[in-house]
Amino acid sequence: MTTHAPQAAQAVTLPTTLDEAVAALGAMPAAVPVAGGTDLMAAVNSGQLRPAALVGLGRISEIRGWQYQDGHALLGAGLTHARMGRPDFAALIPALAAAARAAGPPHIRNAGTLGGNIASAAPTGDALPVLAALEATLIIAGQNGARREIPVSHLLAGVEMLRGGELIGFVRVPLLHAPQVFLKATGRTGPGRSLASVALVLDPARRGVRCAVGAIAPMPLRPLEAEQWVAQLIDWDNDRALVPEALTAFGEYVAAACIPDPAPEPDGSVTPLPPAVLHLRRTVAALARRALGRALS
């Protein structure tokens, strides 16, 4: 005997190609795709989600690796954090490898995937600020073999959304062959959810600095003015030299851009930021300062 109400049986489909997975989603509009299941199972276990059907993506070998393509790396959406954290991948995209290694305990890193991190779009997703700083592009698989590309920032900002029956198939990342850094602050020692994170990459070919701040907003934030300001101060022809004071100023610039002061009241007074928000701003400033310092060292 049981005190639990009976639940309807779920249909589970296990395609072996990306197009088969898309076709299965098209045939079952209520189906939910699942790869590592780290976010999905948490939602199921908490009662927030009761999927009528599942389309498992674990047997699709074409999205579990990567390849080189015209100066870019084409990453399969099924790459796990554990795989991205290995040395060979770290030599390719160091910041993404660092984010993958910081994604959580081993059982999460072994199961969680790059595509799942993007699709769930949780603010604390460690890969998201890295992909934003790298200005990565998503390759979306649709019905009847259709493919379309959108910037990852557009999906995270809600400018463009996945349509019914579509899946993230690949992520195209430019290979900059330059220093990249990912840093995060957590509320405890060891891997954990980010309170704030910073991804910073140098682009010597364009003499640019790209920075993205994660976890403090629904999507990664790009402090574009701070990027442009500090890029003009770097001596790109002389070992990328930068005076120490500029590092501190850059950190403050990034933090103020991402966590601005409140707007003045009608009477001209300004309400100070709460202590917790001020602490978060200082944390972002420290992360940005350290990230740029490490990239330039």
Q: With salt bridge (charged side-chain N to carboxylate O under 4.0 Å, His left out) as the rule and sequence neighbours excluded, what pairs involving residues 236-248 come up?
A: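 Output for this query lists Arg207-Asp237.
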Q: Which pairs with one or both residues in residues 132-148 pass side chain to side chain donor-acceptor pair (under 3.5 Å), sequence neighbours excluded?
A: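 Only Asp19-Arg147, Glu135-Arg222, Arg148-Glu166 qualify under side chain to side chain donor-acceptor pair (under 3.5 Å).
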Q: Can you see whether Glu20 engages Thr16 through a side-chain donor-acceptor pair at a distance of less than 3.5 angstrom?
A: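 Yes, side-chain donor-acceptor contact under 3.5 Å.
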Q: Got a second to check how far Thr113's OG1 is from Arg83's CZ, nearest 0.5 Å?
A: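 Answer rounded to 0.5 Å: 15.0 Å.
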Q: Is the distance between the ring centroids of Trp66 and Phe89 under 6.0 Å?
A: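 So the answer is yes for these two rings.
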Q: Ignoring hydrogens and geometry, is there a side-chain-to-backbone donor-acceptor pair from Arg101 to Gly85 under 3.5 Å?
A: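 It does hold such a pair.
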Q: Could you work out, with side-chain contact (heavy atoms from CB on, under 4.5 Å) as the rule, every residue matching Thr283, not counting sequence neighbours?
A: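 With sequence neighbours excluded, Thr283 shows a side-chain contact (heavy atoms from CB on, under 4.5 Å) to Ala185, Ala196, His279, Leu287, given in chain and number order.
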Q: Going by the salt bridge (charged side-chain N to carboxylate O under 4.0 Å, His left out) test, which pairs reach into residues 286-297, not counting sequence neighbours?
A: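 Sorted pair list comes back empty.
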Q: Can you name the closest pair of heavy atoms from Trp229 and Ala249 and give their distance?
A: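 Smallest interatomic distance, heavy atoms only, reads CH2-CB, 3.6 Å.
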Q: I need the full list of side chain to side chain donor-acceptor pair (under 3.5 Å) pairs touching residues 56-65, with sequence neighbours left out, sorted by first then second residue.
A: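 Applying side chain to side chain donor-acceptor pair (under 3.5 Å) to every pair that reaches into residues 56-65, excluding sequence neighbours, yields nothing.
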Q: Please list, one pair per line, the donor and acceptor atoms closer than 3.5 Å that link side chains of residues 151-161 to other protein atoms, with sequence neighbours excluded.
A:
{"from": "His154", "atom 1": "ND1", "to": "Glu160", "atom 2": "OE2", "distance (Å)": "3.0"}

Q: What I'd like to find out is whether the side chain of Leu202 reaches to under 4.5 Å of the side chain of Gln180, using heavy atoms alone.
A: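 Not in contact.
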Q: Hydrophobic clusters join Ile, Leu, Val, Met, Phe, Trp and Tyr when side-chain heavy atoms are under 4.5 Å apart, directly or via other members; which others share one with Ile139?
A: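 Listed partners: Leu18, Val22, Leu25, Met28, Val55, Leu57, Ile60, Ile63, Leu74, Leu167, Phe170.
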Q: So, the side chain of Lys184 versus the backbone of Asp126: is there a donor-acceptor pair under 3.5 Å, distance only?
A: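 Not confirmed, Lys184 side chain does not pair with Asp126 backbone.
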Q: Evaluate the side-chain proximity of Leu131 to Leu114: yes if any heavy-atom separation is below 4.5 Å, no if none is.
A: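 Of all side-chain heavy-atom pairs linking Leu131 with Leu114, at least one is under 4.5 Å.
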Q: How would you list, by chain and number, every residue that makes a ring pair (Phe, Tyr, Trp, His ring centres under 6.0 Å) with Trp236, sequence neighbours excluded?
A: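 So Trp236 forms no ring pair (Phe, Tyr, Trp, His ring centres under 6.0 Å) with any residue.
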Q: Taking a hydrophobic cluster as the set of Ile, Leu, Val, Met, Phe, Trp and Tyr residues connected by side-chain heavy atoms closer than 4.5 Å, whether directly or through intermediates, do Val243 and Val230 fall within one such cluster?
A: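 In one cluster: no.
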Q: Given 3.5 Å as the limit, does a donor-acceptor pair link the side chain of Asn110 with the main chain of Pro106, or not?
A: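 Checking the backbone N and O of Pro106 against the side chain of Asn110, a donor-acceptor pair under 3.5 Å is found.
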Q: Is a salt bridge present between Arg172 and Asp70, judged by a nitrogen-to-oxygen distance below 4.0 Å?
A: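 Judged by the 4.0 Å cut-off on N to carboxylate O distance, Arg172 and Asp70 do not form a salt bridge.
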Q: Minimum heavy-atom separation for Gly115 and Ile168, please, with both atom names.
A: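 Distance-wise, the nearest heavy atoms are O-CD1, 4.1 Å.
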Q: Name every donor-acceptor pair, under 3.5 Å, that has one atom in a side chain of residues 209-219 and the other anywhere in the protein, sequence neighbours excluded.
A:
{"from": "Arg210", "atom 1": "NE", "to": "Ala133", "atom 2": "O", "distance (Å)": "2.7"}
{"from": "Arg210", "atom 1": "NH1", "to": "Asp203", "atom 2": "OD2", "distance (Å)": "3.0"}
{"from": "Arg210", "atom 1": "NH2", "to": "Leu134", "atom 2": "O", "distance (Å)": "3.4"}

Q: With a 4.5 Å limit on heavy-atom distance, are the side chains of Pro223 and Tyr253 in contact?
A: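 When only atoms from C-beta onward are counted, Tyr253 and Pro223 do not touch, as no gap falls below 4.5 Å.
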Q: For residues 104-140, pull every pair meeting ring pair (Phe, Tyr, Trp, His ring centres under 6.0 Å), keeping only residues two or more places apart or in separate chains.
A: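 Qualifying pairs: none.
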Q: For the atom pair CD (Gln69) and NE2 (His72), what is the distance rounded to the nearest 0.5 Å?
A: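 Atom-to-atom, Gln69:CD and His72:NE2 are 8.5 Å apart.
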Q: Suppose the criterion is salt bridge (charged side-chain N to carboxylate O under 4.0 Å, His left out): which pairs have a residue in residues 90-100, not counting sequence neighbours?
A: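 For residues 90-100: none.
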Q: Do Leu128 and Leu79 sit in the same hydrophobic cluster, where Ile, Leu, Val, Met, Phe, Trp and Tyr count as joined when their side-chain heavy atoms come under 4.5 Å apart?
A: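 Yes: a chain of side-chain contacts under 4.5 Å links Leu128 to Leu79.
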Q: Set out, in order, the CA-CA distance, both residues' side-chain angles and the distance that settles side-chain contact (heavy atoms from CB on, under 4.5 Å) for Leu75 and Leu96, then state yes or no.
A: CA-CA 11 Å; Leu75 312 179; Leu96 192 53; 3.7 Å; yes
Q: Within the structure provided, determine whether Pro275 and Leu278 are in side-chain contact (heavy-atom separation under 4.5 Å).
A: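 Not in contact.
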Q: Output the distance between atom NE2 (His177) and atom CG (Leu92), rounded to the nearest 0.5 Å.
A: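 Taking NE2 in His177 and CG in Leu92, the distance rounds to 8.0 Å.
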Q: Is there a path of hydrophobic side-chain contacts, each under 4.5 Å between heavy atoms of I/L/V/M/F/W/Y residues, joining Val201 to Leu247?
A: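 Each belongs to a different hydrophobic cluster.
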Q: Could you note down all residue pairs passing salt bridge (charged side-chain N to carboxylate O under 4.0 Å, His left out) where residues 257-274 supplies at least one of them, sequence neighbours left out?
A: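 Salt bridge (charged side-chain N to carboxylate O under 4.0 Å, His left out) check on residues 257-274 returns Asp261-Arg281.
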Q: Measure from the side-chain N and O atoms of Asn238 to the backbone N and O of Ala241, and report whether any donor-acceptor pair falls under 3.5 Å.
A: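 The answer is no, because no donor-acceptor pair under 3.5 Å joins these two groups.
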Q: Minimum heavy-atom separation for Pro262 to Thr271, with atom names?
A: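 It is CG-O, 3.1 Å.
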